[in-house]
Amino acid sequence: MREPLSQLASYRALRVHALASKSRTLRELFARDRRRFDTFSLQYEDVLFDYSKNRVTEETIDKLVSLFSECEVESWRDQMVAGKPVNSTENRAAQHVALRDLNYLTCTCATQQSDVLQRMQAFVDEIRASDFTDVVNLGIGGSQMGPMLVCDALSDDVGAGLNVHFVANLDATEIHRVLQKLNPASTLFIVTSKSFTTQETLANAEVAKHWLSDSQRSGNNHLAKHFVAISANLEKALSFGVLPERVFPTWDEIGGRFSLWSAVGLSIALYLGMPAFRELLQGANAMDKHFLTAPPRENMPVLLALSGIWNQHFLQASAHAVLPYDVRLRYMPVYLQQLEMESNGKFVDRAGNDLEVPSSPVVFGDVGTNAQHSFFQLLHQGTQTISCDFIGVVKASHANKQQHDMLLANMFGQTQALMQGQTVAEVKAQGAAQSLAPHKTLPGNRVSNTILLKQLTPRTLGMLLAMYEHKVFVQGIILNINSFDQMGVEFGKKLASALLEKMQAVEPALDQDSSTNALIDFYRQNSSPVQNIASSK
Ligand code: F6P
């Protein structure tokens, strides 16, 4: 059993080092070393990773690499790839890497993936040659976010083909807004749920079922023709009414937030085509190979993870902002919220002991430049320490070079402003009145990574997403937590089911806490009578 993180020699050495280097500023570091970027940046294929705007020296990186070694991350990494049960609480392997490289034939999912890809290919060909015009993915969390991000990011390369829609929320507004624009006769639903028990997805699937049967246009076999399921729970998918040949598998060893590489990515394949889906997998595989073979100092996901640990544990950054400067990547913040916080938002270690150090930071973000006009003020002058990842793409999706130059100039300018700040003397030299000088001063010394892709393609996007998956894995191992379960989200779901019965009963005694009682009471008094699905449109 491993010692608590805070007791490890390398962790303690980092504490001492952080104290000793506390007064060192990024401005000084850049002024002292004109080649700082060369030392603290990496390029791999079309991905450039600049971590020079972190408050690190070569000594810091050495010490972080010692932590990486002491936590035996490489051994854990190799165990994960070999299909060992690194998901200890559920006694399962975590096999998303195997989906991208069939040489890792260590589990059922890897051996079946090749067949699944062939089935997906045949299905995509069939649907693209049919009268279907619209595909609606019904799924939530990992069964929605990855596929939605990829479809949205690469939508500029899609010609006139299928339209794709994503419905996740239990709020029926979402599905009704989508359905009202669609024709039942030409709509295909993909029910994407690993468990096939998720309340939101099943409720929306029922709405879709009624919508199709109400239309009378799709005949009696509407389920057979219009529904596909992606699930690890074949029995439940069949009892919902999906035909066996229309159920694509996913597996226990593939966590929801790591599942877009499986048939969960069927919406991607239908929308972008199977070659693009395969290219996405190849991109992720290229990043996997880099992660598996590059030494820690030259390893992008490892350095991304270590800079995060340094910022959060030793510079007290409690939040982390994800800032894509490209509208095509607008779903990166929400995608990474699930990937990072559902994986590493834990308060006990693998042995069930309380963590004495912070787990995942709060991840938030928005697309640049919009975010500059909402929360950037706090990034520049707020009192909290917040680390940032800026993500940009060199090649635009359009021909308006002037505007793309402006966009990237804003991104680079923001990383520079956060780093160098603006001193009182500089503010005064610009003519600011004495009384306003403190308000115009920016402390600077605020840390960020910059990730630049030469272009946004299925391959580079696959690389980017795999890079973050591995970052999360490395951090989870250093924290000594299980990044592959999500037991905390179950409790709220249970309470919601119990409360639903109370809310819908005629006059039950409300025996909850006073706040919950009053909220239910207010809701009961002001809500409309219960409607069934068919009449709720
Ligand atoms: O939020 C909990 C969670 O289990 C996620 O991990 C998962 O991605 C999501 O719900 C959806 O689960 P399923 O694919 O089983 O419907």
Side-chain angles (χ1 to χ4, degrees), residues 86-90 92-96 99 109 116 136-151 166-171 174-175 189-209 227-242 246-268 331-346 359-360 362-363 465 468-469 472-473 476 481-497:
V86 291
N87 176 353
S88 45
T89 50
E90 297 175 314
R92 284 178 187 163
Q95 287 277 266
H96 45 289
L99 298 179
C109 49
V116 171
V136 184
N137 184 82
L138 306 173
I140 196 162
S143 294
Q144 180 226 15
M145 284 187 217
M148 184 174 75
L149 183 161
V150 175
C151 288
F166 290 88
V167 172
N169 207 304
L170 192 53
D171 184 342
E174 189 170 59
I175 191 159
F189 292 97
I190 310 178
V191 187
T192 310
S193 176
K194 179 178 164 183
S195 59
F196 225 87
T197 57
T198 302
Q199 191 185 36
E200 292 90 337
T201 304
L202 296 187
N204 283 324
E206 284 300 331
V207 173
K209 212 190 236 185
F227 274 88
V228 188
I230 322 292
S231 187
N233 193 338
L234 178 64
E235 203 182 312
K236 282 233 174 347
L238 296 180
S239 66
F240 176 80
V242 183
R246 293 241 163 166
V247 182
F248 290 81
T250 182
W251 306 273
D252 283 346
E253 296 90 346
I254 307 298
R257 52 195 175 274
F258 301 91
S259 66
L260 74 96
W261 323 100
S262 69
V264 167
L266 185 62
S267 51
I268 302 173
Y331 290 125
M332 279 299 282
V334 281
Y335 171 80
L336 289 181
Q337 276 178 331
Q338 188 202 17
L339 185 64
E340 301 214 10
M341 294 201 279
E342 194 164 89
S343 299
N344 289 345
K346 314 277 162 72
S359 63
S360 168
V362 174
V363 177
L465 301 183
Y468 275 102
E469 285 181 349
V472 166
F473 174 75
I481 59 177
N482 177 11
S483 302
F484 298 108
D485 66 8
Q486 57 284 324
M487 299 196 175
V489 297
E490 298 306 320
F491 184 55
K493 290 186 199 169
K494 267 193 208 143
L495 295 194
S497 304

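Counting convention: from 1, in listed order, for ligands and their atoms alike.
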Enquirer: For atom 14 (O) of ligand 1, which candidate among Gly141, Gly488, Ser143 provides the closest heavy atom?
Expert: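 It is Ser143 that holds the nearest heavy atom.
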
Enquirer: Take the angle between the ring planes of Phe189 and Phe227 and call it parallel below 30°, perpendicular above 60°, tilted in between.
Expert: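 The arrangement is parallel - the two ring planes meet at less than 30°.
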
Enquirer: Hey, is ligand 1 close enough to Lys194 that some N/O pair sits below 3.5 Å?
Expert: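 Lys194 vs ligand 1: N/O contact under 3.5 Å present.
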
Enquirer: Examine distances only and state if a side-chain atom of Lys194 and a backbone atom of Val264 form a donor-acceptor pair shorter than 3.5 Å.
Expert: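 The answer is no, because no donor-acceptor pair under 3.5 Å joins these two groups.
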
Enquirer: Under 3.5 Å, N or O to N or O, is Thr201 touching ligand 1 that way?
Expert: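 No, Thr201 has no N/O under 3.5 Å of an N/O on ligand 1.
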
Enquirer: Under a 3.5 Å distance rule, please check whether Ser359 uses its side chain to pair with a backbone N or O of Lys346 as donor and acceptor.
Expert: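 Here the side-chain-to-backbone pair exists.
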
Enquirer: Looking at atom 8 (O) of ligand 1, what's its closest protein heavy atom, distance included?
Expert: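 Answer, as residue, atom name and distance: Gly142 N, 2.7 Å.
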
Enquirer: Would you check if the side chain of Asp252 reaches a backbone N or O of Ala232 as a donor-acceptor pair within less than 3.5 Å?
Expert: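 It does not hold such a pair.
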
Enquirer: Can you spot which of Leu99, Ile230, Ile254, Thr192 makes a side chain to side chain contact (heavy atoms under 4.5 Å, CB included) with Ser259?
Expert: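 Filter result, single survivor: Ile254.
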
Enquirer: Name the one of Ile190, Val150, Val136 that satisfies side chain to side chain contact (heavy atoms under 4.5 Å, CB included) with Ser267?
Expert: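 One option only clears the test, and that one is Ile190.
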
Enquirer: Within the distance-only criterion (no hydrogens, no angle test), does the side chain of Glu174 pair as donor or acceptor with the backbone N or O of Ala168 below 3.5 angstrom?
Expert: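 Yes, the answer is positive, given that a donor and an acceptor are paired below the 3.5 Å cut-off.
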
Enquirer: Are Ser195 and Asn233 linked by a side-chain donor-acceptor pair shorter than 3.5 Å?
Expert: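 No, no side-chain donor-acceptor pair sits under 3.5 Å.
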
Enquirer: What protein heavy atom is closest to atom 11 (C) of ligand 1, reported as residue, atom name and distance in Å?
Expert: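 Protein heavy atom at minimum distance: Ile140 O, 3.3 Å.
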
Enquirer: If you measure every N or O of Gln338 against every N or O of ligand 1, does any of those distances drop under 3.5 Å?
Expert: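 Indeed, backbone or side chain, Gln338 has an N or O that close.
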
Enquirer: Considering only protein heavy atoms, which is closest to atom 15 (O) of ligand 1, and at what distance to one decimal place?
Expert: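 It is Ser195 OG, 2.6 Å.
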
Enquirer: Suppose I only count heavy atoms of Ser193 and a 4.0 Å limit; which atoms of ligand 1 are within that range?
Expert: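 So the atoms of ligand 1 that pass are 13 (P), 14 (O), 15 (O), 16 (O).
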
Enquirer: As a check for students: among Leu202, Thr198, Val489, identify the option with a heavy atom nearest to atom 16 (O) of ligand 1.
Expert: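 Answer by nearest heavy atom: Thr198.
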
Enquirer: Who's closest to atom 3 (C) of ligand 1 heavy-atom-wise, of Gln144, Glu200, Glu342, Arg257?
Expert: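 Among Gln144, Glu200, Glu342, Arg257, the closest heavy atom to atom 3 (C) of ligand 1 comes from Glu342.
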
Enquirer: Return the closest protein heavy atom for atom 10 (O) of ligand 1 as residue, atom name and distance.
Expert: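 For atom 10 (O) of ligand 1, the nearest protein heavy atom is Lys493 NZ, 4.4 Å.
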
